[in-house]
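As the structure lists them, so they are numbered: ligands from 1, and atoms in each ligand from 1.
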Amino acid sequence: MANKPAKMRMCISCRAAKPQSEMHRLVRTPEGTAALDMTGRADGRGAYLCKAQACIERAQLQRRAERALSCSVPAEIYTQLGEMNA
Ligand SMILES: [Zn+2]
């Protein structure tokens, strides 16, 4: 399994494709809200975001995650993402 190529995921903010290990994953929960998927394996519709602060900020400003997931994204999500970069 070590040689398995990494799946590329597209950032919802800048649309760059990167390995999943270099992205944050958001997932839509059954409750219809977005959550951070720390494991990268949560069930549900997912959206990927670069770990770059600029991508996180742009995604929030342009409501890209809302559109990608068709659900509301609490502001805390972006706060958490920003803190993980700190
Ligand atoms: Zn990006």
Side-chain angles (χ1 to χ4, degrees):
M1 294 298 271
N3 291 325
K4 196 174 166 187
K7 276 191 189 167
M8 302 297 272
R9 305 292 186 182
M10 195 177 74
C11 173
I12 56 169
S13 186
C14 69
R15 301 190 167 273
K18 297 189 181 186
Q20 187 174 342
S21 59
E22 293 178 25
M23 317 281 281
H24 293 303
R25 184 170 190 256
L26 304 177
V27 66
R28 185 169 72 180
T29 67
E31 290 74 38
T33 183
L36 267 178
D37 175 13
M38 305 299 285
T39 66
R41 290 160 207 264
D43 286 335
R45 185 168 177 168
Y48 295 87
L49 195 54
C50 298
K51 293 182 178 176
Q53 189 69 31
C55 281
I56 295 166
E57 288 173 4
R58 183 163 53 180
Q60 182 173 22
L61 276 172
Q62 300 184 352
R63 300 193 166 276
R64 301 242 176 169
E66 276 92 337
R67 264 184 262 166
L69 297 173
S70 305
C71 70
S72 63
V73 180
E76 302 92 79
I77 296 273
Y78 296 106
T79 308
Q80 281 180 34
L81 287 171
E83 284 170 355
M84 281 194 278
N85 282 339

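Heavy-atom minimum distance, Ala34 versus Ile77: O-CD1, 3.5 Å. Of all heavy-atom pairs between Cys71 and Gly32, the closest is CB-O, 3.3 Å. Summarising the geometry of Met10 relative to Met23, their closest heavy-atom pair is C-CE, 3.8 Å, with the distance given to 0.1 Å. The two residues Glu22 and Lys51 make their nearest non-hydrogen contact at O-CG, 3.5 Å.
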Less than 3.5 Å apart, which donor and acceptor atoms pair up between the side chains of residues 56-67 and the rest of the protein, not counting sequence neighbours?
{"residue": "Glu57", "atom": "OE2", "partner": "Gln53", "partner atom": "NE2", "Å": "3.4"}
{"residue": "Arg58", "atom": "NE", "partner": "Ser13", "partner atom": "OG", "Å": "3.1"}
{"residue": "Gln62", "atom": "OE1", "partner": "Arg64", "partner atom": "NE", "Å": "2.8"}
{"residue": "Gln62", "atom": "OE1", "partner": "Arg64", "partner atom": "NH2", "Å": "2.6"}
{"residue": "Arg63", "atom": "NH1", "partner": "Glu66", "partner atom": "OE2", "Å": "2.8"}
{"residue": "Arg64", "atom": "NH1", "partner": "Ile12", "partner atom": "O", "Å": "3.3"}
{"residue": "Arg64", "atom": "NH1", "partner": "Ser13", "partner atom": "O", "Å": "3.2"}
{"residue": "Arg67", "atom": "NH2", "partner": "Gln62", "partner atom": "O", "Å": "2.9"}

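Protein atoms that are N, O or S and lie under 2.8 Å from the Zn ion (ligand 1) are these: Cys11 SG, Cys14 SG, Cys50 SG, Cys55 SG.
Atoms CG and OG1, on Leu69 and Thr33 in that order, are 9.5 Å from each other to the nearest 0.5 Å.
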